[in-house]
Each structure stands twice: as structure tokens, then as C-alpha cells.
J.: 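Submitted below is the structure of interest, expressed as C-alpha cells.
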Amino acid sequence: MENVKVFSIIIAVFSVLSVESVGLKDLKTCNFGAVYNFGDSNSDTGGGSAAFWPAGKPCGETFFGRPVGRGCDGRLIIDFIAEHLGLPHLSPYLDSIGTSFRYGANFAIGGSTIRPQNESMSLNGVSPFSLDIQIVQFDQFKDRTGHFYNRSYPRHRRNLPRPEDFSKALYIFDIGQNDIAAGLRKKNDSAFHASVPDIVDQLAKAVQNLYEHGARTFWVHNTGPIGCLPVSLHYHDIKPEELDEQGCLKAQNAYSMEFNRQLKARVIKLREELPHAALTYVDIYAAKYELIGNAKKQGFVEAANICCGFHEDEIQVYCGHKQNINGTEIYAGSCENPSDFISWDGVHYTEAANRWVAHRIITGSFSDPPLPIKHACHKP
């Protein structure tokens, strides 16, 4: 309990500093009645499990006690954001069982990209639910829930969003990592760099579409340091000169940084194009890279270590899977203490790492403008 109190004080201090840093001391807290999220597995709360095949054990073991569609031992960054805003965890749009959309919906699907890829889930894990499809789903969701809300008895409305909440909702984008992964797979630097302007433009078009339908507050995450993912470090023969000071692949991170540079510039341009919108650019890359560089100081093991999976003697068995090796069945289970690890399965972060990142970005200390998330509806 004392740790919770101390953390609350830290959040309050960071929030005050962030607000004062942009010269806004008397801001009212935004009344976000709902959150709508668009993304990939970093924020997928069960859409992928509903669309394809369910995430199995040991996912979900830390917080939920069972698999709940998240590629993690517990909560994701989007879950901590919802909790911070006083809202329930977001229900996946595609989940039809016991679902409430009263406080928003999550359109994120694991494997999704911003730009549609000529690939498949069965071939290399790329989802058909690219960002343009997620936006189409949202448009349909808004139209249909509004239709039924206005024609239903009050007791039937409890799981539907109130039409007036759409304009007051927070719209979050957490997508782009799989676009970068696709570029890395093709091993063509010039082709990837040539594609980035179109990738960020397609994200901008998604924002513009939502804006035209009444959305006003946007919280846009850039993409994390993909070259720091343990899956990249375990599955490649790496020379020392390929690594940076944190032990991450420099070439892969260069892809992320170029995408992020152009994304930030496009968000700034959107502020001019959408005069009534409040757009916040969130530097997830910087937050995650800081955590990776200070893993031991923050109470974690080495950042390259993987909690769930079997990765020894060049044998790689993915989290939760089984494989027969020389007549012996190996089950790739989880580590004893996931909270000691940054990486859950080599690609996704543990709940402990997600909490660390979430608690820093909600203060606004990694944002442009540097406003806490509860004040993100304001334009400095």
C-alpha cells in the first residue's frame, strides 16, 4: 500500500510538471467517457483470439489467472491507460461473448499493419485486419450501435456506447511495428524507406476519417525499438559491431527511428489540417529504450532474457508450445517470476514492463505536447 501511495505522489508531481511545462496551470481534467483503440498485438485485448485462435497458457497467468486474449502474462499498456482513466478494460470489437462496449472498444488485432501487406496470418503472422479495415469496423460500429441505442429499451442500452460519448472519447493508435517487421523481412532498405511516407500517410488518413466522424482527441504512439526485441537477438548470428550500447541491433532500430521521425512530422502537420483536434504524439520508443538501458536499476533481469519460451543450444520453442527434441518433449513454459523480466515471449513485454512504460507515458513526460493523458483533450 505504501508503494501505491508513493507512486500516486510521483504521478501527481510529473503531471504538474508536464502541465506547467506548456504553460497551462488551470486545465480541467478531460471527461473521457470512452476509449477507442486501434493497433496490433501490443494492444490487442482479445481480438486476435476471437478472429483466429485463442491465446493459450501460460498467457494471462499473472493478473487474470487464465488466458484472456493478450500476448502477455497479464495487462498491456492499454489496460493500464484504461485503469488510469477510471474505465474498464476495453472489450475487443470481434469478441461476441459477454462483451460490453459501454466505455469504448478495441479494434487492435495481433499481427496488424498500417498498410495492407500481401502476406497472410498462416504464412508469417500478418493479420488481414490492417488499419484501414479497423477504421471501417469502427465506422460500422458507430453507425450500428447508434441505431440500436436510439431504438432500445433503457435496460438494453447498458452495453452500448452513448452516441454523445464518441466526440468526447479518447482515440488511441498503437500500430506500426509490423510494418517495420515486414520491411526487415524483405531486406531491402531503399524499398522500406521509400514506403514510410505512404505508411504514415495511411495512419493520417485514419485520423482524418475519425475526425470527420466527430473524434477530437487523439493519442498516437510511435513504435518501440524493434532491434531490442530478444527474438531478434536470439534468432540471428550477430557480430559485436552490429549492436549499440544497450545490446540492440542498430540497423533494425534505425528502421524504427526513421518511421518515428516521419510519424511525428505527420502528426504535427495534422494539427494544422484538423484545427479542432488535440493530437498527442507519444514517444514509446524513448520510454522502452530507457527501460531496456536501465533494466537492472529498475529491478529487472537483463533485457534480452525471455520469460516464456525455450531458447537454449540453438533450440527455439515459442511460448506455450511443445516440441519433440531428440525424443524428448519440451514444453516452453513461463519463468518462475515474470515480474523480473522485461520480455514475456521475445516479442511482447511482461505486465511488469508494460506497467513501467504506462506509468511514465500517462504523465506526459514522453509526449508532444507534454500533457498528462487526463489533459490530452486540451490544445496548448
Side-chain angles (χ1 to χ4, degrees), residues 27-39 43 45 47 78 81-82 84-88 90-94 99-109 112 114 129-152 154 156-175 200-221 263 266-282 367-369 371-380:
L27 291 178
K28 292 183 179 180
T29 299
C30 304
N31 181 27
F32 294 127
V35 172
Y36 294 97
N37 182 72
F38 306 88
S43 59
T45 55
I78 188 66
I81 288 176
H84 181 69
L85 296 176
L87 300 174
L90 295 185
S91 295
Y93 168 71
L94 294 181
T99 302
S100 172
F101 297 117
R102 176 65 182 79
Y103 301 101
N106 192 357
F107 297 86
I109 300 285
S112 292
I114 296 173
F129 297 97
S130 50
L131 182 57
D132 58 335
I133 300 300
Q134 293 182 27
I135 296 298
V136 169
Q137 290 175 331
F138 171 83
D139 290 342
Q140 179 179 226
F141 172 86
K142 185 173 183 289
D143 289 342
R144 295 186 68 197
T145 56
H147 171 84
F148 288 111
Y149 187 93
N150 292 324
R151 289 164 176 76
S152 298
H156 296 149
R157 296 176 176 175
R158 63 190 179 196
N159 291 328
L160 298 175
R162 294 180 300 187
E164 62 269 24
D165 282 345
F166 283 100
S167 63
K168 297 182 291 185
L170 176 65
Y171 293 82
I172 299 176
F173 288 84
D174 189 354
I175 191 167
V200 298
D201 273 343
Q202 293 207 30
L203 191 148
K205 288 178 182 177
V207 172
Q208 290 167 330
N209 180 290
L210 295 173
Y211 181 84
E212 290 168 3
H213 285 79
R216 291 295 179 263
T217 305
F218 302 92
W219 182 266
V220 182
H221 292 184
L263 176 63
R266 192 66 185 89
V267 169
I268 292 172
K269 187 177 180 182
L270 278 171
R271 292 176 186 149
E272 301 173 359
E273 298 170 348
L274 310 177
H276 302 295
L279 290 115
T280 302
Y281 171 85
V282 185
S367 299
D368 175 23
L371 290 174
I373 195 167
K374 287 186 177 180
H375 296 88
C377 62
H378 298 285
K379 294 180 61 178

J.: Do any N or O atoms from the side chain of Ser112 and from the backbone of Phe129 form a donor-acceptor pair under 3.5 angstrom?
T.: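 Confirmed, Ser112 side chain pairs with Phe129 backbone.
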J.: Test salt bridge (Lys or Arg N to Asp or Glu O under 4.0 Å) on Asp368 and Arg271 and set out the steps.
T.: CA-CA 12 Å; Asp368 175 23; Arg271 292 176 186 149; 3.7 Å; yes
J.: Got a second to check how far Lys379's NZ is from Leu274's CG, nearest 0.5 Å?
T.: 9.0 Å
J.: Ala206 and Leu131: which non-hydrogen atoms are nearest, and at how many Å?
T.: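 Smallest heavy-atom distance, with atoms named: CB-CD2, 3.8 Å.
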J.: Please confirm whether the backbone N or O of Ser43 pairs with a side-chain atom of Asn106, one donor and one acceptor, at under 3.5 Å?
T.: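 Yes: the side chain of Asn106 pairs with the backbone of Ser43.
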J.: So do the side chains of Lys168 and Arg216 get within less than 4.5 Å of each other, counting heavy atoms only?
T.: no
J.: Any chance you could measure Asp143, atom CG, to His147, atom NE2, to the nearest 0.5 Å?
T.: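 Rounded to the nearest 0.5 Å, the CG-NE2 separation comes out at 10.5 Å.
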J.: As an exercise, state the distance from CG of Asn150 to CZ of Arg162, rounded to the nearest 0.5 Å.
T.: 13.0 Å
J.: Could you check if a side-chain atom of Leu270 sits within less than 4.5 angstrom of a side-chain atom of Val220, using non-hydrogen atoms only?
T.: no
J.: Fit a plane to each ring of Tyr211 and His276, take the angle between them on a 0 to 90° scale, and name the class: parallel (under 30°), tilted (30 to 60°) or perpendicular (over 60°).
T.: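 Parallel.
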J.: Go through Arg151 and His156 one step at a time and tell me if the side-chain contact (heavy atoms from CB on, under 4.5 Å) criterion holds.
T.: CA-CA 9 Å; Arg151 289 164 176 76; His156 296 149; over 6 Å; no
J.: Of all the heavy-atom pairs spanning Leu279 and Pro369, show the shortest one and how long it is.
T.: O-CD, 3.7 Å
J.: How far apart are the C-alpha atoms of Phe166 and Thr145, what are their side-chain angles, what is the distance that settles it, and do they pass the side-chain contact (heavy atoms from CB on, under 4.5 Å) test?
T.: CA-CA 11 Å; Phe166 283 100; Thr145 56; 3.9 Å; yes
J.: Run Tyr93 and Gln140 through side chain to side chain donor-acceptor pair (under 3.5 Å) and show every step you take.
T.: CA-CA 11 Å; Tyr93 168 71; Gln140 179 179 226; 3.3 Å; yes
J.: So which atom in Trp219 and which in Val282 form the shortest heavy-atom distance, rounded to 0.1 Å?
T.: CE2-CG2, 3.3 Å
J.: What do the steps show when you test Lys205 against Glu212 for salt bridge (Lys or Arg N to Asp or Glu O under 4.0 Å), and what is the final call?
T.: CA-CA 10 Å; Lys205 288 178 182 177; Glu212 290 168 3; over 6 Å; no
J.: Between Ser91 (side chain only) and Ser100 (backbone N and O only), is there a donor and an acceptor less than 3.5 Å apart?
T.: yes
J.: So, taking the atom named CD1 in Ile81 and the one named CG in Asp174, what distance separates them when rounded to the nearest 0.5 Å?
T.: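 Ile81 CD1 to Asp174 CG: 8.0 Å, rounded to 0.5 Å.
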J.: State, to 0.1 Å, how close Pro92 and Gly47 come at their nearest heavy-atom pair, and which atoms those are.
T.: CB-N, 3.5 Å
J.: Taking Arg102 for its side chain and Arg158 for its backbone only, find out whether a donor-acceptor pair lies under 3.5 Å.
T.: no
J.: How long is the span from the CD1 atom in Ile78 to the CG atom in Leu90, to the nearest 0.5 Å?
T.: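 One finds 5.0 Å between CD1 of Ile78 and CG of Leu90.
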J.: Begin with the C-alpha distance, continue with both residues' side-chain angles, and end with the deciding distance and a verdict on side-chain contact (heavy atoms from CB on, under 4.5 Å) for His84 and Lys374.
T.: CA-CA 9 Å; His84 181 69; Lys374 287 186 177 180; 3.6 Å; yes
J.: Decide side-chain contact (heavy atoms from CB on, under 4.5 Å) for Leu210 and Phe138; before the verdict, give the C-alpha distance in whole Å, the side-chain angles of both, and the deciding distance to 0.1 Å.
T.: CA-CA 9 Å; Leu210 295 173; Phe138 171 83; 3.3 Å; yes
J.: First locate atom CG of Leu94, then atom OG1 of Thr99, and finally report the distance between them rounded to the nearest 0.5 Å.
T.: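 Leu94 atom CG to Thr99 atom OG1 measures 10.0 Å (nearest 0.5 Å).
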J.: Is the shortest side-chain heavy-atom distance between Leu371 and Leu27 below 4.5 Å?
T.: yes
J.: Minimum heavy-atom separation for Ala376 to Ala278, with atom names?
T.: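 Closest approach of Ala376 to Ala278, heavy atoms only: O-CB, 3.3 Å.
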J.: Do you know the tightest heavy-atom contact between Ser367 and Thr280?
T.: CB-CG2, 3.6 Å
J.: Classify the ring geometry of Phe38 against Tyr171: parallel below 30°, tilted from 30° to 60°, perpendicular beyond 60°.
T.: parallel
